Amino acid sequence: MADPTGFLRVPKIEAAKRPVEERVGDWREVYEREDPNARAGEVSQQARRCMDCGIPFCHSGKAGCPLGNLIPEWNDLVRRGRWDAASDRLHATNNFPEFTGRLCPAPCEAACVLSISEEQTGGSVTIKRIEQTIADHAWMNGTVEPQPAAISTGRSVAVVGSGPAGLAAAQQLTRAGHEVTVYERDNRVGGLLRYGIPEYKLEKAVLNQRLAQMRAEGTRFVTECEVGVDLTVEQLRQRHQAVVLAVGALRGRDNAVPGRELDGVHLAMEHLVPANRECEGDASAPISAAGKHVVIIGGGDTGADCLGTAHRQGAASVTQLDYNAEPPETRDDDLSPWPTWPLVLRTSPAHAEGGARRYEVAVQRFLGDDNGHVRAVEVAEVRVTRDAEGRREITPVGESLQIPCDLALLAIGFEGVEHMALLDGLHLKLTRRGTVSCGSDWQTDAPGVFVCGDAHRGASLVVWAIAEGRSAANAVDAYLMGESDLPAPVRPWTLPLSVV
């Protein structure tokens, strides 16, 4: 055991956030911008709380980290001040720890043995903070360098989509010696990392430094190219021996309640993407919350991203609606026993910045003014139950009320892969879940065409996208070369036929 009494002597300390009144006035990251070298001492102390458990659930794919990050190992290295070695161990399982350290909700911390009893142990190890500090320390000290392949295989691979899954697959395959081209339909590389994640959660300079490394390794990026339109499927197959589909699951779920057609009622991504483009220096966002009463429908991460964006745009008020009951503040062992992901009330930095949260309410209709613009949202109290087949039923139980609204944002999830010419050209059909299915080798029904990330899994976490990208790279390498030494942290999961 690294330090058997560390968790008893060292209190848990999370990363410091900037004051609310300061951070809502700009788009910089929420957390204090500290020199990683300066905060190394405090983070090293936090690493002492790791017990190096005999069975480390934190890096178990079923409960903790899908990437299988060797968390106890790099915690111990940090404890001993061996930051370069910690970076090596971290990068051995994770291509982009600077992304996951900022964006992942940290199932590893929920599965940490110290999270069994918060009162007795002081809470889980601050794994996410340690991970980000290792990555930032490595970048600042120049230990993250390009790793070009020593030998070229002469094989060519196309990766369609430049989100975290596509980037992970591309980097792994480039390092294996293949000629990799990433096709992106947007004008910049990064997918949801670029245009879906607000700047205050991930400053794009962090993304750009990793892309520069990938370019130096030999990965080629082609932007403003929609495969199936700007580049035909026939041309794609002629140029490349294998194709990886990492196109995401961006088809937003809608809600066809009365008044949905009114001006000012939008899907969440119609608000987030232009706001991120504006931060990149493009034209001003056509949808702004400035001076408006904003209502966000949906209580998940996308809704929280809309909340933080609305604060920074200067909203007059923000209300977030969720038809589910308010979760408990602490883990209920009957509902979500350790080490599973706990069903608890989660308060993001955006929630701490203001706004109201209402639970067990659902939109009944949007009300408009004489000009056809939304002016209010009518909601009613509801109860959520399940029918005999497990399907959700939402039943109004109370009187309706109106909430003033100038801008309504639907953040109620995603329905899968967007319908695109690429899939038609490959003769691939979507499952009932809106995803692209594959076999145990990540290969779709189209020979030589593989899938990973949200396109395969459905909208999920950045850590799962990277894990699937790495595993798909292993499968592509084996397809091209007969075998592969690339790591494969996860295998494709399947669902019952009644679901797919």
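Since the model is a prediction, treat every value here as computed from it, not as a measurement. The basis for the numbers below is simple: all heavy atoms, side chains too, and nothing from hydrogens, waters or symmetry mates.
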Using a 3.5 Å distance criterion without hydrogens, assess whether the side chain of R102 forms a donor-acceptor pair with backbone atoms of E98. yes
Going by an N to O cut-off under 4.0 Å, is there a salt bridge joining D254 and R260? yes
Point-to-point distance, once rounded to the nearest 0.5 Å, from CD of Q313 to CG of L407: 8.5 Å
Would you mind listing every salt bridge (charged side-chain N to carboxylate O under 4.0 Å, His left out) that reaches into residues 198-207, with sequence neighbours excluded? R33-E203, E199-K204, K201-D305
Is the backbone N or O of G453 less than 3.5 Å from a side-chain atom of E468, with the two atoms forming a donor-acceptor pair by type? yes
Among residues at least two apart in sequence or on other chains, which ones pass salt bridge (Lys or Arg N to Asp or Glu O under 4.0 Å) with R194? E280
Please indicate whether R220 has more than 12 foreign heavy atoms, meaning atoms of other residues, nucleotides or ligands, lying under 6.0 Å from its CZ. no
Is there a side-chain contact between N69 and C108 (heavy atoms, below 4.5 Å)? no
Audit row: V157, T181, side chain to side chain contact (heavy atoms under 4.5 Å, CB included) steps and yes/no: CA-CA 6 Å; V157 182; T181 301; over 6 Å; no
Report yes or no: do T431 and T435 form a side-chain donor-acceptor pair below 3.5 Å? yes
Worked check of side chain to side chain contact (heavy atoms under 4.5 Å, CB included) between V476 and W442: CA-CA 8 Å; V476 173; W442 300 92; over 6 Å; no
Would L428 and L245 count as a side chain to side chain contact (heavy atoms under 4.5 Å, CB included) if you check the C-alpha gap in whole Å, the side-chain angles of each, and the deciding distance to 0.1 Å? CA-CA 11 Å; L428 295 176; L245 302 180; 3.8 Å; yes
Please collect all ring pair (Phe, Tyr, Trp, His ring centres under 6.0 Å) contacts where either partner lies in residues 166-195, sequence neighbours excluded, each pair once. Y183-H240
Test your reading of the model: is there a side-chain donor-acceptor pair from S44 to the backbone of V78, 3.5 Å cut-off? yes
CG on N75 to CG on D3, rounded to 0.5 Å: 11.5 Å
How close do V417 and L423 get, heavy atom to heavy atom, and via which atoms? CG1-CD1, 3.9 Å
What pair of heavy atoms forms the shortest contact from A467 to P66, and how long is it? CB-O, 4.0 Å
Does the side chain of Q172 reach to within under 4.5 Å of the side chain of P487, using non-hydrogen atoms? yes
Can you list the steps and then say if R237 with L426 is a side chain to side chain contact (heavy atoms under 4.5 Å, CB included)? CA-CA 10 Å; R237 300 306 299 269; L426 292 170; 3.9 Å; yes
Side chains of Q132 and R129: does their closest heavy-atom pair fall under 4.5 Å? no
State the CG-CG distance between L90 and L67, to the nearest 0.5 angstrom. 9.5 Å
Test: ring pair (Phe, Tyr, Trp, His ring centres under 6.0 Å). Region: residues 203-226. Which pairs qualify, not counting sequence neighbours? none
Is it the case that over 12 heavy atoms from other parts of the model lie below 6.0 angstrom from the CD atom of E483? no
Within the distance-only criterion (no hydrogens, no angle test), does the side chain of S471 pair as donor or acceptor with the backbone N or O of V490 below 3.5 angstrom? yes
Look up atom OG in S156 and atom CZ in R239, then write down how far apart they are to the nearest 0.5 Å. 9.5 Å
Contacts of type ring pair (Phe, Tyr, Trp, His ring centres under 6.0 Å), residue Y479, not counting sequence neighbours: F450
Does D76 reach the side chain of D52, with side-chain heavy atoms less than 4.5 Å apart? no
Looking at side-chain heavy atoms only, is the closest gap between L167 and N95 below 4.5 Å? no
Answer yes or no: is there an ion pair linking K17 with E353, defined by an N-O contact shorter than 4.0 Å? no
Any ion pair linking D186 and R277 (charged N to carboxylate O, less than 4.0 Å)? yes
By salt bridge (Lys or Arg N to Asp or Glu O under 4.0 Å) - contacts of R28 (at least two apart): none
Would the distance check show the side chain of R23 and the main-chain N or O of R18 forming a donor-acceptor pair, the cut-off being under 3.5 Å? yes
Please round to the nearest 0.5 Å and tell me the distance separating atom CG of D301 and atom CZ of R346. 9.0 Å
Sequence neighbours excluded, which residues qualify as ring pair (Phe, Tyr, Trp, His ring centres under 6.0 Å) partners of W74? none
Would you say T219 and V159 make side-chain contact, with heavy atoms under 4.5 Å? no
Would a distance-only check, ignoring hydrogens and angles, find a side-chain to backbone donor-acceptor pair under 3.5 Å from T302 to A411? no
Can you pull out every ring pair (Phe, Tyr, Trp, His ring centres under 6.0 Å) where at least one residue sits in residues 79-109? Sequence neighbours excluded, please. W83-H137, F96-F99
Any donor and acceptor pair, going by atom type alone, linking the side chain of R49 with main-chain N or O of G123 inside 3.5 Å? yes
Indicate the atoms forming the closest heavy-atom contact of W338 with A110, along with that distance. CD1-O, 3.3 Å
Applied to residues 443-453, the side-chain hydrogen bond (donor to acceptor under 3.5 Å, both in side chains) test, sequence neighbours excluded, yields D441-Q443
Tightest non-hydrogen contact, residues A310 and H271, listed as N-CE1, 4.3 Å
Side chains of L272 and L409, heavy atoms from C-beta outward: is any pair under 4.5 Å? no
Provide the closest heavy-atom pair for N276 versus I197 in the form atom of the first, atom of the second, distance. OD1-O, 3.3 Å
Under 3.5 Å: donor-acceptor pair, side chain of Q241, backbone of R155: no
Electrostatic pair R82:D88 at N-O distance under 4.0 angstrom: no
A15 backbone acceptor or donor facing E32 side chain under 3.5 Å: no
Ring pair (Phe, Tyr, Trp, His ring centres under 6.0 Å) pairs touching residues 153-174, sequence neighbours excluded, are none
side-chain contact (heavy atoms from CB on, under 4.5 Å) with S124: which residues, sequence neighbours excluded? K12, E109, C112, S115
Given 3.5 Å as the limit, does a donor-acceptor pair link the side chain of E217 with the main chain of Q147, or not? yes
For the salt bridge (Lys or Arg N to Asp or Glu O under 4.0 Å) test, which of R433, R251, R432 pairs with E415? R251
Distance in Å, C279 SG paired with R312 CZ, rounded so as to fall on 0.5 Å steps: 9.5 Å
What I'd like to find out is whether the side chain of C50 reaches to under 4.5 Å of the side chain of R79, using heavy atoms alone. no
List for me each residue that meets side-chain contact (heavy atoms from CB on, under 4.5 Å) alongside D230, sequence neighbours excluded, and say none if there are none. C225, E226
Closest non-hydrogen atoms of Q213 and R210, given as atom of the first, atom of the second and distance, are OE1-NH1, 2.7 Å
